[in-house]
Amino acid sequence: MRILHYMAGPCNGGVASLVYDLSYDYVKKGHLVDILSSRIDDKYFKSIEKYKVLGINIYRCPSKNNIIKNILYLKDIMMSYDVVHVHLFPHQLYAAIAYQLIPEKKRPIFITTEHNTWNNRRKFPILRYLDRWFYKRYDSIISISNQTETNLRDWLRSDIFEKNILTINNGININKFQNAKNKLSNALQIIPNVKYVVMVARMVHPKDPVTIVKALAKCNPCIHAIFIGNGYLENDICLTAKKLGIKDRIHLLGARDNVPELLKGCDLGILSTHWDGFGLVAAEYMAAGIPVIATDVDGLRDVVGNKKYLFTVGDYDVLANMIEKILLGENEYQKAIDYFNHQVLYFSSERMSSEYLQVYDNLKRN
C-alpha cells in the first residue's frame, strides 16, 4: 500500500516517534510510506536522515499561514495514496475538509489517531458539533489507549461513532533503547556519585517540568535533573531553579536525536504532565532499563501500571519522596527495574504496526 502520514513535524515529540516507528515497520513489510508536514521552517527538519534511509519522502505544506492553499494542496496529494493517516488537531479538521473535496471514487482510506485523553476544545460544548463533523469523515478513529477512547466517546456522544472508534495501544522499538550505548557524557560533564533523573518531552503545556524542579529542591543534593526537549517552559525551569538555589543541579539539553543513548546514562525517568493520551516516553524509559515515575493521569496510568510509581499532578512533596526512595532506598531500585523490565513487553512497535496494518487491510477489503 501507499501510505501518507499528515502531521505537524517529523522530528520532535511523541507523535513523531510514533509515526517513525510505524513507518519503519511498514517499509520493512514492503509498503511505501511518505510524510506531509504542516511545519515548513527548516528547524523542524534537522534530523530527517533516518527517514531518507528508509526511502520515505517528507513533503512540506506550501504555506505557513494560508490555510486554504494548504487544504487544496492536501486534497491533490491525498489522491495519490491508498491510505491517508492524520495526526492531531487542526490537521484532522483540514484533512477532513480536503477529503470532502475529493471525488468519491478517488478517495483514499481515511484514518486518524487520537493521541490525547483531553484537549482544550472540550471546555466548550458548542465545539462538540465541530468535532462530530470532522471525525465523521474518517473511516476509522484509532485511540492510543483505552482511556483515550472512553473520553472521546464521552465527548462526541453520538451513536454514529459506535463502530469506527477503536484502541491500539502505542508501542516503541524496544531493541533500539535496550541496545543503545551510554553517551550521556557527550552531552554534559558527568559528576561522580551524582544520580540523574530525566524528563524527555516538548517543554510546553500540558507538560509540567517545573514540578520536577520543585521536587528536586527537596531531594538530597546528590540528585540532579536533566531535561531533554525544547519549548517555552525551559525559561520557567531556569527561573524556578534559580529561585530555589539549585541551578547547578538542572541540566537543559534541548531537543536531541539520540535520546536512547542519553537515557542509558540516567538513573530514573520522570514524566510530569497535566494530561497525556498515552505517555510513550514512559515506555521508552522502561526500554532503556531505568525506573519510571509519572503523573497519575489517564493514559499514563495504564502505561505505568502500578500506583506506587504515580504521583498527583503538581505534588512535588510526594514526588521528592518517591525519587529519594527509589534512588537512595535499600533494594527499591532493583525492585523497580525488575517490574518495568516486565511491563515494557506490552508496548512493542511490532505489535502496534501489525494492528494498524490489519485495520488498513480490513478497510481496503470493505
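Nothing here was measured: the structure is a model prediction, and the numbers come from that model.
Considering all non-hydrogen atoms of both residues, Glu324 and Lys218 come closest at OE2-O, 4.1 Å. In terms of heavy-atom proximity, Asp208 sits nearest to Met199 at N-CE, 4.3 Å. The shortest heavy-atom contact between Tyr138 and Gln92 is OH-O, 2.7 Å.
Residues meeting the salt bridge (charged side-chain N to carboxylate O under 4.0 Å, His left out) test with Glu261, sequence neighbours left out: none. Tyr99 is linked by a side chain to side chain donor-acceptor pair (under 3.5 Å) to nothing, counting only residues two or more places apart in sequence or in another chain. Residues passing the side chain to side chain donor-acceptor pair (under 3.5 Å) test with Lys64, sequence neighbours excluded: Asp41. In this view, Arg301 and Asp296, Asp298 satisfy the salt bridge (charged side-chain N to carboxylate O under 4.0 Å, His left out) rule, not counting sequence neighbours.
No side-chain heavy atom of Met7 sits under 4.5 Å from any side-chain heavy atom of Val86. Under the 4.5 Å side-chain criterion, counting only non-hydrogen atoms from C-beta, Asn170 is not in contact with Ser145. Side-chain contact check for Lys308 versus Glu332: some heavy-atom pair is nearer than 4.5 Å. Residues Val318 and Thr312 form no side-chain contact, since every pair of their non-hydrogen atoms from C-beta on lies 4.5 Å or further apart. In this structure, the side chains of Val297 and Thr273 come closer than 4.5 Å at one or more pairs of heavy atoms. Within the 4.5 Å cutoff, the side chain of Thr117 has no heavy atoms near those of the Asp276 side chain. Side-chain atoms of Cys61 and Leu36, non-hydrogen and from C-beta on, do get closer than 4.5 Å to each other. Residues Asn175 and Gln178 meet the side-chain proximity criterion, which asks for heavy atoms closer than 4.5 Å.
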side-chain contact (heavy atoms from CB on, under 4.5 Å) between Phe124 and Arg128, intermediate numbers included: CA-CA 8 Å; Phe124 308 100; Arg128 178 178 290 113; over 6 Å; no
Mind running side-chain contact (heavy atoms from CB on, under 4.5 Å) on Arg351 and Ile168 for me, showing each step along the way? CA-CA 9 Å; Arg351 182 270 313 158; Ile168 295 177; 3.9 Å; yes
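Residue pairs satisfying the ring pair (Phe, Tyr, Trp, His ring centres under 6.0 Å) criterion with at least one member in residues 291-325, sequence neighbours excluded, are listed as follows: Tyr309-Tyr339, Tyr309-Phe340. Here ring pair (Phe, Tyr, Trp, His ring centres under 6.0 Å) pairs that include residues 54-81, with residues two or more places apart or in two chains, number zero.
Both the sub-6.0 Å distance and the 45° axial angle are satisfied by Lys28 relative to the ring of Tyr24. For the pair Arg121 and Phe89, the cation-pi criterion (under 6.0 Å, within 45° of the ring axis) is fulfilled. Taking the ring axis of Trp133 as reference, the NZ or CZ atom of Arg137 stays within 45° of it and closer than 6.0 Å to the ring centre.
Classification of the His115-His87 ring pair by plane angle, with boundaries at 30° and 60°, yields tilted.
Counting heavy atoms of neighbouring residues, nucleotides and ligands inside a 6.0 Å radius, atom NZ of Lys207 exceeds 12 of them. Asn186 CG: more than 12 foreign heavy atoms inside a 6.0 Å radius. More than 12 non-hydrogen atoms from other residues, nucleotides or ligands lie less than 6.0 angstrom from CD1 of Ile160.
Between His85 and Tyr356, the distance separating the two ring centers is shorter than 6.0 angstrom. Aromatic ring centres of Tyr26 and Tyr360 lie closer together than 6.0 Å.
When only modelled atom types and interatomic distance are considered, Ser353 and Asp25 share a side-chain donor-acceptor pair under 3.5 Å. For the 3.5 Å distance criterion, the side chains of Lys29 and Ser354 qualify, holding a donor opposite an acceptor.
The side-chain contact (heavy atoms from CB on, under 4.5 Å) with Val198 is formed by just one residue from the set Ile270, Leu262, Ile290; it is Ile290. Tested against Tyr196 for a side-chain contact (heavy atoms from CB on, under 4.5 Å), the candidates Ile223, Ile191, Leu268 yield a single pass: Ile191. Partner Thr148 forms a side-chain contact (heavy atoms from CB on, under 4.5 Å) with one of Asn151, Leu152, Ile144 and no other, that one being Ile144.
A distance of 12.5 Å separates OG1 of Thr211 from CG of Leu216, quoted to the nearest 0.5 Å. We find the NZ-CG distance between Lys136 and Asp131 to be 14.5 Å, quoted to the nearest 0.5 Å. Considering NZ of Lys247 and OG1 of Thr240, their distance stands at 12.0 Å, rounded to 0.5 Å. To the nearest 0.5 Å, atom CG of residue Leu253 and atom CG of residue Asn230 are 11.5 Å apart. The distance from atom CD of Glu284 to atom CD1 of Ile174, rounded to the nearest 0.5 Å, is 11.0 Å.
Note on Leu239: it does not cluster hydrophobically with Leu252, by side-chain heavy-atom contacts below 4.5 Å among ILVMFWY residues. Residues Tyr51 and Met1 share a single hydrophobic cluster, defined by chaining ILVMFWY side chains whose heavy atoms lie under 4.5 Å apart.
Between Asp257 and Lys50 no salt bridge is recorded (no basic side-chain N to carboxylate O distance below 4.0 Å).
A donor-acceptor contact shorter than 3.5 Å is absent between the side chain of Asp361 and the backbone of Leu363.
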